[in-house]
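Comments concern the structure below.
Just so we're on the same page: letters track the sequence lines, and every chain starts at 1.
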Number of protein chains: 2
Amino acid sequence: MSQAPGKTAGDTRSRILDAGERLFMEHGFDGTSMRMITSQAGVNLAAVNYHFGTKELLIQEVFRRRLTHLNQSRLAALAQLEAEAAGSPLKPSRIVDAFFGTALRMAADVEGGGHTFMCLLGRTYTEPNEFVRKFLAEEYAECVERFLTALYRALPEVDRNEILWRFHFMMGAMSYAIAGTDALQLVTGKFNDENPSRLAPRLMSFLLGGLRAPLAEFSPLN
Amino acid sequence: MSQAPGKTAGDTRSRILDAGERLFMEHGFDGTSMRMITSQAGVNLAAVNYHFGTKELLIQEVFRRRLTHLNQSRLAALAQLEAEAAGSPLKPSRIVDAFFGTALRMAADVEGGGHTFMCLLGRTYTEPNEFVRKFLAEEYAECVERFLTALYRALPEVDRNEILWRFHFMMGAMSYAIAGTDALQLVTGKFNDENPSRLAPRLMSFLLGGLRAPLAEFSPLN
DNA sequence: AAACCATTAAAACGTTTGTTTGAATCATAC
DNA sequence: GTATGATTCAAACAAACGTTTTAATGGTTT
């Protein structure tokens with residue numbers, strides 16, 4: 001519908017990947033059928049199996065196509081931080097920005113498909129399908145370990161379990177902020193009152209506030 | 001498997017609801033079939049349609065069974081806060097506890113099924129299925145509005161959009177903390193080094209830190 | 001022109017899906 | 001005991017699922 005009906009500039013493979021990315025984001029893995037994908041991509045039904053083998057291998061390729069690049073960008077940002085610091089300890093806020101800010105900048109790219117992909121990724125963190133989760137964990141392993149190590153060094157006085165938990169909380173807040181169509185979004189009218197580009201600074205200040213919160217307080221003042 | 005094979009104490013309806021709750025949590029809505037539910041519940045295949053009509057009405061009842069009670073508890077906690085305050089402004093931390101703490105206490109009830117349900121609920125916030133989302137939004141509408149109003153009053157100097165966003169972020173962090181099987185959980189070995197009951201204080205301090213974070217900072221110190 | 005390989009096309013494969021049917025079974029009321 | 005209404009049961013339904021098959025097409029190389 002978006003391309004010329006006959007021959008297309010982009011080849012069949014990338015058209016399938018684009019259609020799959022969008023449909024998996026909208027309807028989930030089990031909720032998206034092969035026929036939905038091929039009809040949206042404007043290709044024959046058998047094309048998915050021909051080019052990717054199975055439905056599982058297709059979604060695997062949908063993720064790998066962008067996730068590899070995202071995590072490389074994150075690691076590059078962290079490496080640059082470490083190079084600039086030249087041995088002196090890193091600011092936690094810089095580490096957080098290297099990880100979450102990089103993802104948010106990808107999510108800000110609407111036309112290039114980065115936004116769609118980040119929505120898909122955020123939803124997939126709670127995706128029940130076990131095969132998808134295992135694949136994601138492998139793809140993330142190195143990057144997460146490097147960032148955790150950096151945070152441990154930047155905050156030597158904080159218990160490592162606490163850092164781990166707060167990283168977990170930050171992942172949730174970000175995924176949700178991008179992908180979540182939750183009660184709030186539906187009840188209050190989908191945040192249409194503001195420029196969506198303001199999400200990044202809002203979220204970053206929230207994340208840093210949570211990261212720096214005093215430990216183990218429960219019934220505090222304020 | 002858990003009950004006597006023949007006649008059961010709990011009636012068919014509740015056995016189906018319990019099985020559905022667990023399976024929807026584990027495999028999602030589209031990933032759970034009627035046959036999975038009925039065989040796990042130990043009832044005939046036609047029992048679901050007989051007692052609930054359709055699969056969609058079943059999951060609707062799975063949610064309503066517990067969600068109504070959860071939101072009533074939240075509203076009751078808020079009402080008690082307002083009664084105790086007797087006109088004076090409420091502490092934001094108390095409001096946050098009335099909303100998120102109540103949910104966390106439900107999630108701590110493992111044997112009664114509260115934990116399973118909270119996992120299901122957290123995952124459903126990013127559930128693509130549109131029908132499920134619409135139902136959840138209606139079920140949540142009143143409770144969310146009441147709590148937002150309370151937060152607006154408690155923080156009159158803060159921009160309301162900012163409060164709305166931070167409520168959104170807090171929802172994400174909590175849902176994720178309970179339901180998320182993300183990269184972290186899989187990479188680092190599922191947080192098995194600590195008593196899971198410590199989740200609540202950890203999360204509450206993180207949420208309050210984020211809520212109180214200075215506004216619109218982006219490249220701050222620390 | 002002929003041969004070759006990669007790609008596309010239409011059709012069918014066997015399963016599984018949610019749902020419905022009609023008879024069998026049960027408890028209770030008459 | 002017999003009738004009644006609710007529930008359970010085995011069986012079947014059409015539709016949709018992921019995948020495979022076989023032939024047709026297109027471009028490139030001999």
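Using a 4.0 Å cut-off, some side-chain N or O of Asn44(B) falls inside it from OP1 or OP2 of dA10(D). For dT8(D), the OP1/OP2 oxygens have a side-chain nitrogen or oxygen of His51(B) closer than 4.0 Å.
A straight line from CG of Asp11(B) to P of dA27(C) spans 15 Å, rounded to a whole angstrom. Rounding to whole angstrom units, CD1 of residue Ile37(B) and P of dT16(C) are separated by 17 Å. The distance from atom CZ of Arg15(B) to atom C1' of dT7(D) is 15 Å, rounded to the nearest whole Å. Distance Phe52(B) CZ to dT7(D) P: 12 Å, rounded to the nearest Å.
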Show me, pair by pair, the donor-acceptor contacts under 3.5 angstrom made by side chains of residues 111-118 of chain A, not counting sequence neighbours?
| unit_1 | atom_1 | unit_2 | atom_2 | d |
| --- | --- | --- | --- | --- |
| His115(A) | ND1 | Ala107(A) | O | 3.0 |
| Thr116(A) | OG1 | Arg22(A) | NH2 | 3.2 |

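For Asn71(A), the side-chain contact (heavy atoms from CB on, under 4.5 Å) criterion is met by Leu67(A), Arg74(A), Tyr140(A), Cys143(A), not counting sequence neighbours. Applying the ring pair (Phe, Tyr, Trp, His ring centres under 6.0 Å) test to Phe147(A) and every residue at least two apart in sequence or in another chain returns Phe99(A). Looking at residues two or more places apart in sequence or on another chain, you find no side-chain hydrogen bond (donor to acceptor under 3.5 Å, both in side chains) involving Gln60(B).
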Nucleotide by nucleotide, 5' to 3', does protein get under 4.0 Å of the base (B), only the sugar-phosphate (S), or neither (-) in nucleotides 18-23 of chain D, counting heavy atoms? BBBB--
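Contact record, Leu23(A) with Thr32(A): O-OG1, 3.1 Å, taken as the closest heavy-atom pair.
A donor-acceptor contact shorter than 3.5 Å is absent between the side chain of Arg15(A) and the backbone of Val43(A). A donor-acceptor pair under 3.5 Å links the side-chain atoms of Arg166(B) to the main chain of Ala213(B), judged by distance alone.
Surrounding CZ of Arg153(A) are at most 12 heavy atoms belonging to other residues, nucleotides or ligands under 6.0 Å away.
Across its full length, the helix from dA1(C)-dT30(D) to dC30(C)-dG1(D) shows an angle of 20° between the axes of its 5 terminal pairs at either end, rounded to 10 degrees.
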